[in-house]
Q: 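Before anything else, here's the structure in question.
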Amino acid sequence: MNAFLGAFRFTKEATPSAIRECIGAHLRFSLARVPKSATPRDWWLATSLMTRDFLVERLLATQEEHKNSGVRRLYYLSLEYFLGRLLRQNLLNLGLWDLTGEALRQIDIDLEEICQEEGEMGLGNGGLGRLAACFLESLATLQLPAIGYGIHYEFGLFQQDFSRGYQIERPDDWHRFGSPWEILHPEISQTVHLYGRIDHREGGCCWTGCRDVLGLPFDIPVAGFGGNTVNLLRLWSAKSTREFDLDAFNRGGYFEAVGEKSFCESITKVLYPNDKTESGKELRLVQQYFFVACSLRDILRRFEAEHHDWELFPEKVVIHLNDTHPAIAIVELMRILIDERRMEWEVAWTWVTRIFAYTNHTLLPEALETWSVPLFHRVLPRHLEILYEINRRLLETVPATDEAAQARRRAISLIEENQTKAVRMAHLAVVGSFSVNGVSALHSELLQSRLFPDFAALFPGKFRNVTNGITPRVWLLGANPQLASLLTEALGEAWITDLSRLGELRKFFDDASFRERYAAIKRTNKVRLADCLREWCGISADPDALFDVQIKRIHEYKRQHLNLLHILWLYRRILEHPQEEFPPRLFLFGGKAAPGYDLAKCIIKAINAVASRINGDPQAFGKLQVAFVPNYGVSRASRIIPAADLSEQISTAGKEASGTGNMKLALNGAVTIGTLDGANVEIREAVGPENIFIFGLTAQEVTDRIESGYTPWEIYEADPEIRAILDWIGSGDLTPGEPPSVLAPLRSSLLEGGDPFLVLADFAAYLAAQRQAEQAYRDKSRWLPMVLENTASVGRFSSDRSIREYADGIWRLTPLAP
Ligand code: 26Q
């Protein structure tokens, strides 16, 4: 064994020269390279391996402590973890960033530069996956005993390119050369069963003829800030079991065996995009069950290694469901308890409903997961039986006495009775959990009043709110180091783990030098982003322009097209009044469209078409620029957010569960323009109505407007400006050299399509709010105080606060220092 591995157990023993030696040793012995010919990527890998040594040391200590003290643990189940790059974050959290920078500088290597060599771990779609990553980081920082479980996808979310303005998807082959952050543990593999049939015999049932799949765990250490606690993220990769291969080989021959192997290995091949056309796909159900079954077996194995009293299980284990994606765990645990552990149904159900807690992340009916009963039956025959029994007992609590009771039974049933019956995963999650929460105050309220009113009546006390949060270690310390230094100079380091301390910044608001330094940092960040934009989009941006930023998945409810209508409105103003003074403005977009979501892709094409028209028009020069950053993800977010002036949070009220980009942007000194949706409501409360631009219909007004028969045509007829803009989009003029109908679907979704997200209804109010923002930005003596107030006021949106609320109010966890 190499002596250098784990050479220093404690950060305090680390010196630049010790770090340099460790990196050098990894370069030589792990990578078989010598400094003379090492590439930047080699240095990144060697530095990551050095960092990993530290992580592993703390990981072992943390796990040992948790094991010995027989602590109650949280198991967080999520199909997505959007981790991004890890070297910078791990070094910062371990307290090794400066030392490592110094160590590498001594050999003429730039740490910042080699960090850019790392590929993203893009194992998530967007907000839900990034939330899981922030939560793991906060759990470790708060020294809470927790293990995350997920899937080791071979391909993460697709890579996005543009070709003639259209989105092109390429596979995200992040794992091609492996990853320094993961540790494979074949000795704790798990086997799970799928398909087959159920034989009922006296005294029990037997699941036979199934296909077996092996789950291989990849462990990723998750360091808390300060480096004391290092928790575990365990990601399962599917392999064929050797036994089955042999079996098949003996029975039928080579091709059957190879076919089985390729089926097994397809299970964890790719992360599904949140795409309507991909919903209900068999492989997605197999994926969900595979990872849930591996995780539960692992949880049971660990419990039995740590405890001898089986009765303690529901006291020592709490399992959190990140949306309904892992909700099949409820049925799987029931199956294990009654079929394998031979427990009585009632006792098993009491245990299950003491163990699970569920977070809902969407109210959109089309985004709620359902599985067709025949499909479910084929893949998980025993689970369907158990699910029907759960449902039978649930419906028993609502006797069908009259019409109203009948309707209530239909409303709560786990089975949707359409042409083809479907399993409602959200209902399963609600019924099988002791806690159900939404992710912002408004969302949690609507969850009870609109989505689950019957359950809210049936299980009073089960529903609650935990507003989302973001980790300041990633989104301020890591992403905006200059602002972080200024804050530390002013307040000391306490803000890093207690973000509410940012409120104390107010005493510096009158300090001219503090204000100037804050403003200078924003300006530097804008220059830095302008450099990136040259590389990403080939534009040269003016750092003095207002940076107006909308970065998030592309979806009609998020209304990137409302933003686009405003851009066209401005462009028309420039063309019609060329002499008018115009405050320069850069509109930035970033975000991916689901591959099968045609209208979202049309919105991307429209934005790119408008961008290329405006950016190439001399009349708009120095006034207006538009850029769509391709392949938006965690890394690009970290560059864009610190440079933003205006944060676009303009979803149709009642549709965005929370949003977390809104928090990241406000923290980094961007002012929000937004609707009263998701966490915007609470951001307004925090920063004060004078420091945010709120516009548009409220959630209640949206419903009322739709119920009273909303007709976008009336707005189109009455407003010549809107008419001109929509007709322009539909005319083909913006896409020269292409068929004139290219952007027609966008126009027609807002007219013939009925404008389901009320873009036209909110347009006038949005325009007015934009004019206010423009006025405010022109007046630096007005804008800067708004910006400062935003940074100082959003401390409560730290994921530490969210995690404390979960730990105290739901999980009942206590911190434990290794
Ligand atoms: C479902 C079925 C099949 C394939 C994919 C999916 C799928 C995958 C991902 C459905 C939804 C998602 C992701 C949802 C998501 O990111 N929701 C966001 O969660 C954030 C964290 O709570 C909120 O801030 C956002 O408001 C919410 O949109």
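FYI, the numbering just counts along the sequence from 1. The basis for the numbers below is simple: all heavy atoms, side chains too, and nothing from hydrogens, waters or symmetry mates. Order of appearance sets the numbers: ligands from 1, and atoms from 1 within every ligand.
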Q: Quick check on contacts: which atoms of ligand 1 are under 4.0 angstrom from a heavy atom of Y557?
A: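 Checking each atom against Y557, I get 28 (O).
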Q: Could you check whether any heavy atom of N468 sits closer than 4.0 Å to an atom of ligand 1, since that is the contact criterion I want to use?
A: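 Per 4.0 Å heavy-atom rule, N468 contacts ligand 1.
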Q: Has ligand 1 got any nitrogen or oxygen that is less than 3.5 angstrom from a nitrogen or oxygen of G126?
A: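 Between G126 and ligand 1 (N or O atoms, distance only) the closest approach is not under 3.5 Å.
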Q: Only heavy atoms of A657, strictly under 4.0 Å: list the atoms of ligand 1 that pass.
A: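 What qualifies from ligand 1 is 26 (O).
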Q: May I ask which of T324, N274, T370 has a heavy atom nearer to atom 10 (C) of ligand 1 than the others do?
A: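 Heavy atom nearest to atom 10 (C) of ligand 1 belongs to N274.
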Q: Tell me yes or no: between the side chains of Q649 and N680, is some donor less than 3.5 Å from an acceptor?
A: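 Result is no, nothing qualifies.
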Q: So, the side chain of S266 versus the backbone of K269: is there a donor-acceptor pair under 3.5 Å, distance only?
A: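 Checked: no pair found.
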Q: So among R130, E80, K592, which one has a side chain to side chain donor-acceptor pair (under 3.5 Å) with N125?
A: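 Single pass found, and it is E80.
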Q: Applying a strict 4.0 Å limit to heavy atoms, is P273 in contact with ligand 1?
A: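 Per 4.0 Å heavy-atom rule, P273 contacts ligand 1.
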Q: Number the atoms of ligand 1 from 1 as they appear, then name those within less than 4.0 Å of a heavy atom of N125, with their elements.
A: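 Once the distances to N125 are compared, the set is 8 (C), 9 (C).
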Q: Please indicate whether any nitrogen or oxygen in K558 is less than 3.5 Å from any nitrogen or oxygen in ligand 1.
A: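 N/O-N/O distance under 3.5 Å: no.
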Q: Can you tell me the protein heavy atom closest to atom 3 (C) of ligand 1 and the distance?
A: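 It is R284 NE, 3.3 Å.
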Q: Kindly indicate whether a cation-pi arrangement holds for R211 with F263, taking the cut-offs as under 6.0 Å to the six-membered ring centre and within 45° of the axis.
A: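 Checked: cation-pi criterion met.
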Q: When you compare ligand 1 with E369, is there at least one nitrogen or oxygen pair between them that comes in under 3.5 angstrom?
A: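 By distance alone, the answer is no.
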Q: Under 30°, 30 to 60°, or over 60°: which ring-plane class applies to H427 and F455, parallel, tilted or perpendicular?
A: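 Rings of H427 and F455: perpendicular, as their planes differ by over 60°.
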Q: Counting N and O atoms only, with roles assigned by atom type, does the side chain of S444 sit under 3.5 Å from a partner on the main chain of G438, one being a donor and the other an acceptor?
A: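 It does hold such a pair.
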Q: Counting only N and O atoms by type, is there a donor-acceptor contact under 3.5 Å from the side chain of T324 to the main-chain atoms of E369?
A: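 No, the answer is negative, given that no donor and acceptor are paired below the 3.5 Å cut-off.
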Q: Take every heavy atom of G659, measure it against each atom of ligand 1, and state whether any distance is under 4.0 Å.
A: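 Under 4.0 Å: yes for G659.
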Q: Do any heavy atoms of K281 fall under 4.0 Å from ligand 1?
A: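 Judged by the 4.0 Å heavy-atom criterion, K281 does not count as contacting ligand 1.
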Q: Closest non-hydrogen protein atom to atom 22 (O) of ligand 1, residue and atom name please, with distance?
A: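 Scanning the protein heavy atoms, the shortest distance from atom 22 (O) of ligand 1 goes to H361 ND1, 2.6 Å.
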Q: Using 4.0 Å as the upper bound for N to carboxylate O, is an ion pair formed by E656 and K558?
A: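 Judged by the 4.0 Å cut-off on N to carboxylate O distance, K558 and E656 do form a salt bridge.
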Q: Return yes or no for this condition: an N or O of G129 is under 3.5 Å from an N or O of ligand 1.
A: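 N/O-N/O distance below 3.5 Å does not exist for this pair.
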Q: Classify the ring geometry of F757 against Y557: parallel below 30°, tilted from 30° to 60°, perpendicular beyond 60°.
A: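 Rings of F757 and Y557: tilted, 30 to 60°.
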Q: Look at atom 15 (C) of ligand 1 and say which protein heavy atom is nearest, naming residue and atom and giving the distance to 0.1 Å.
A: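 Of the protein heavy atoms, L128 CB, 3.5 Å lies nearest.
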Q: Applying a strict 4.0 Å limit to heavy atoms, is E80 in contact with ligand 1?
A: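 Judged by the 4.0 Å heavy-atom criterion, E80 does count as contacting ligand 1.
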Q: Counting each atom of ligand 1 from 1 as listed, which ones have a heavy atom of E656 under 4.0 Å away?
A: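 Those atoms are 25 (C), 26 (O), 27 (C), 28 (O).
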Q: One thing to verify: whether K601 and E169 come together as a salt bridge, which I'm taking to mean a side-chain N less than 4.0 angstrom from a carboxylate O.
A: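 Result for this pair is yes, salt bridge flagged.
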Q: Could you check E137 against R473 for salt bridge (charged side-chain N to carboxylate O under 4.0 Å, His left out), going step by step and ending with a plain yes or no?
A: CA-CA 9 Å; E137 199 273 350; R473 274 77 62 185; 2.8 Å; yes
